[in-house]
K.L.:
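Got a structure for you, written out below as structure tokens; questions coming shortly.
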Amino acid sequence: MSLVLLTSCSTKVGQKMGLSEPTDDEINSVAVKAYEDIKKKEKISKNKRLTKMVERVAFRVAKASGENFNWEVILIEKDEPNAWCMPGGKMAVYTGILPILKTEGALAAVMGHEVAHATKKHGKQRYARAVRGQMVGMGIGLAAIVGGQLLCKTQKCKMLSAIGGVAGAFAVTFFDRKFSRSDETEADQVGQIYMAKAGYDPAEAPKVWERMGAAGGKAPPEFLSTHPASGRRKENLRSWLPEANRYYQNAPQQYGTGENI
Ligand SMILES: [Zn+2]
């Protein structure tokens, strides 16, 4: 109840100050700030072959989405199986996920999924709450950060909350992504279409789940934290293959499974 009151109160204060719900542009510019902080703090890979691969996959998938974001991607040198795309198109891949994926096509499947979360604006209300909290006043902003810290499980998340301010509140919310079951299913389906349009064999998408299983369940945290069981997701991705294949056949160029990693 108190949360409801607090929210409605902050809205009133915000209106008085001429502030309304943050727009997509405002959320995106906060994401850019958080991304710049991450680029300063993380080690960027110097592996030219892998960096080139990550760039071509990410930009092909981004282009296939048809969204006009300011796309950017970095390869972070870290033994952690992770990949993400912020609202507005700032992406990252961690070196730790590459040996698990095994092919460029499987990386395209993961990037398709992450890009779909951004283009379909999943989690937008949570980001808006964190951003608005900072815009309206420190009270709510601190609540967003403290709330985020309480939910933080990883060192990374704790570190990010130290960014502070509006970008920090955003980062905490972003890295605590808990998408709904329907959001995950949509990202799986839309992501598979993006990878197919980008020219990668969509049959690699269900195989991602097999490979993550074979690697002892290693998967990006947001893949693991969600409800649909991996077997179910694999079956879904298989059942969507006929539709995805139509996009693949119409792609300007077909790369198959791409290079092996
Ligand atoms: Zn997801």
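One is the number of the first residue; the rest follow in order along the sequence.
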K.L.:
Is it true that atom CD of Gln249 has more than 12 heavy atoms of other residues, nucleotides or ligands lying nearer than 6.0 Å?
P.N.:
yes
K.L.:
Do you know the tightest heavy-atom contact between Ser45 and Thr51?
P.N.:
O-OG1, 3.9 Å
K.L.:
Find the distance between NZ (Lys78) and CD (Glu42) and round it off to the nearest 0.5 Å.
P.N.:
3.5 Å
K.L.:
Is it true that Tyr247 and Tyr194 fall in one hydrophobic cluster, defined by side-chain heavy atoms closer than 4.5 Å?
P.N.:
no
K.L.:
Identify, with sequence neighbours excluded, every residue that meets side-chain contact (heavy atoms from CB on, under 4.5 Å) alongside Arg246.
P.N.:
Glu243
K.L.:
Can you name the closest pair of heavy atoms from Ile76 and Ala92 and give their distance?
P.N.:
CD1-CB, 4.0 Å
K.L.:
Establish, yes or no, whether the cationic atom of Arg60 lies under 6.0 Å from the six-membered ring centre of Tyr255 and within 45° of the ring axis.
P.N.:
yes
K.L.:
What closest approach, in Å, do Phe179 and His117 show between heavy atoms, and which atom pair accounts for it?
P.N.:
CD1-CE1, 3.2 Å
K.L.:
Working to the nearest 0.5 Å, report the span between CD of Glu77 and CG of Asn47.
P.N.:
7.5 Å
K.L.:
Could you check His122 against Glu186 for side chain to side chain donor-acceptor pair (under 3.5 Å), going step by step and ending with a plain yes or no?
P.N.:
CA-CA 10 Å; His122 295 160; Glu186 185 179 41; 2.6 Å; yes
K.L.:
Inspect the contact between Glu55 and Lys48 and indicate whether a charged nitrogen and a carboxylate oxygen are less than 4.0 angstrom apart.
P.N.:
no
K.L.:
Would a distance-only check, ignoring hydrogens and angles, find a side-chain to backbone donor-acceptor pair under 3.5 Å from Tyr248 to Gly256?
P.N.:
yes
K.L.:
Taking the side chain as C-beta and beyond, is there a heavy-atom pair between Trp84 and Met91 under 4.5 Å?
P.N.:
no
K.L.:
Identify the heavy atoms of Ala244 and Pro202 that sit nearest to each other, and give their distance.
P.N.:
CB-CB, 3.6 Å
K.L.:
If Ile, Leu, Val, Met, Phe, Trp and Tyr residues are connected whenever their side-chain heavy atoms lie under 4.5 Å apart, and connections chain through other members, are Val110 and Val190 in the same group?
P.N.:
yes
K.L.:
Considering non-hydrogen atoms only, spot the tightest contact between Ala198 and Ala64 and give its length.
P.N.:
N-CB, 3.8 Å
K.L.:
Out of Val57, Thr103, Leu107, Thr257, which one pairs with Tyr200 under the side chain to side chain contact (heavy atoms under 4.5 Å, CB included) rule?
P.N.:
Val57
K.L.:
Taking the side chain as every heavy atom from C-beta outward, state whether Gln192 and Leu241 have any pair of such atoms under 4.5 Å apart.
P.N.:
yes
K.L.:
Can you list the steps and then say if Glu204 with Lys102 is a salt bridge (charged side-chain N to carboxylate O under 4.0 Å, His left out)?
P.N.:
CA-CA 10 Å; Glu204 282 295 274; Lys102 295 197 186 318; over 6 Å; no
K.L.:
With a 4.5 Å limit on heavy-atom distance, are the side chains of Phe170 and Pro87 in contact?
P.N.:
yes
K.L.:
Does any part of the side chain of Glu26, heavy atoms only, come nearer than 4.5 Å to the side chain of Val30, both counted from C-beta?
P.N.:
no
K.L.:
State, yes or no, whether a side-chain contact exists between Asn236 and Gln189 at a heavy-atom distance under 4.5 Å.
P.N.:
no
K.L.:
Below 4.0 angstrom, N of the basic side chain to O of the carboxylate: do Glu235 and Arg238 qualify?
P.N.:
yes
K.L.:
Working to the nearest 0.5 Å, report the span between NZ of Lys121 and CG of Asp24.
P.N.:
4.5 Å
K.L.:
Determine whether Glu72 and Lys39 make a side-chain contact, defined as any pair of heavy atoms from C-beta on separated by less than 4.5 Å.
P.N.:
yes
K.L.:
Any side-chain heavy atom of Ile74 sitting closer than 4.5 Å to one from Val54?
P.N.:
no
K.L.:
What distance do Met53 atom CE and Leu98 atom CG have between them, rounded to the nearest 0.5 Å?
P.N.:
8.0 Å
K.L.:
Using a strict cut-off of less than 4.0 Å between a Lys/Arg side-chain nitrogen and an Asp/Glu carboxylate oxygen, indicate whether Lys41 and Glu36 qualify as a salt bridge.
P.N.:
no
K.L.:
What verdict does the side chain to side chain contact (heavy atoms under 4.5 Å, CB included) test give for Ile27 and Thr23, after you've listed the backbone C-alpha separation in whole Å, the side-chain angles of each residue and the deciding distance to 0.1 Å?
P.N.:
CA-CA 6 Å; Ile27 292 173; Thr23 62; over 6 Å; no
K.L.:
Report yes if the side chains of Ile261 and Leu50 come closer than 4.5 Å at any heavy-atom pair, otherwise no.
P.N.:
yes
K.L.:
Before you tell me yes or no, could you show the steps for Met111 and Val93 under side chain to side chain contact (heavy atoms under 4.5 Å, CB included), namely the whole-Å CA-CA distance, both residues' side-chain angles and the distance that decides it to 0.1 Å?
P.N.:
CA-CA 9 Å; Met111 294 319 285; Val93 173; 3.6 Å; yes
K.L.:
Using only atom types and a distance under 3.5 Å, with no angle test, would you say the side chain of Lys90 pairs donor to acceptor with the backbone of Asn70?
P.N.:
yes
K.L.:
Group every Ile, Leu, Val, Met, Phe, Trp and Tyr by side-chain heavy-atom contacts under 4.5 Å, then state whether Trp71 and Val32 land in the same group.
P.N.:
no
K.L.:
For a side chain to side chain contact (heavy atoms under 4.5 Å, CB included) check, start with the C-alpha distance between Glu184 and Arg181, then their side-chain angles and the critical distance, and finish with the verdict.
P.N.:
CA-CA 5 Å; Glu184 286 305 336; Arg181 193 184 196 127; 5.9 Å; no
K.L.:
Find the distance between CG (Asn28) and OH (Tyr35) and round it off to the nearest 0.5 Å.
P.N.:
13.5 Å
K.L.:
So, using side chain to side chain donor-acceptor pair (under 3.5 Å) as the criterion, who are the partners of Arg56 when residues are at least two apart?
P.N.:
Glu104, Glu259
K.L.:
Ignoring hydrogens and angles, state whether a donor on the side chain of Asp188 or His113 is under 3.5 Å from an acceptor on the partner side chain.
P.N.:
yes
K.L.:
With side chain to side chain contact (heavy atoms under 4.5 Å, CB included) as the test, would you mind laying out the steps for Thr119 and Phe69 before giving the verdict?
P.N.:
CA-CA 9 Å; Thr119 59; Phe69 286 157; 4.1 Å; yes
K.L.:
Would you give the length of the straight line joining atom CD1 of Ile193 to atom CG of Asn245, rounded to the nearest 0.5 angstrom?
P.N.:
11.5 Å
K.L.:
With a 4.0 Å cut-off on N to O distance, would you call Asp183 and Lys120 a salt bridge?
P.N.:
no
K.L.:
Grab the two heavy atoms, one from Gly105 and one from Met195, that are nearest each other, plus how far apart they are.
P.N.:
O-CE, 3.3 Å
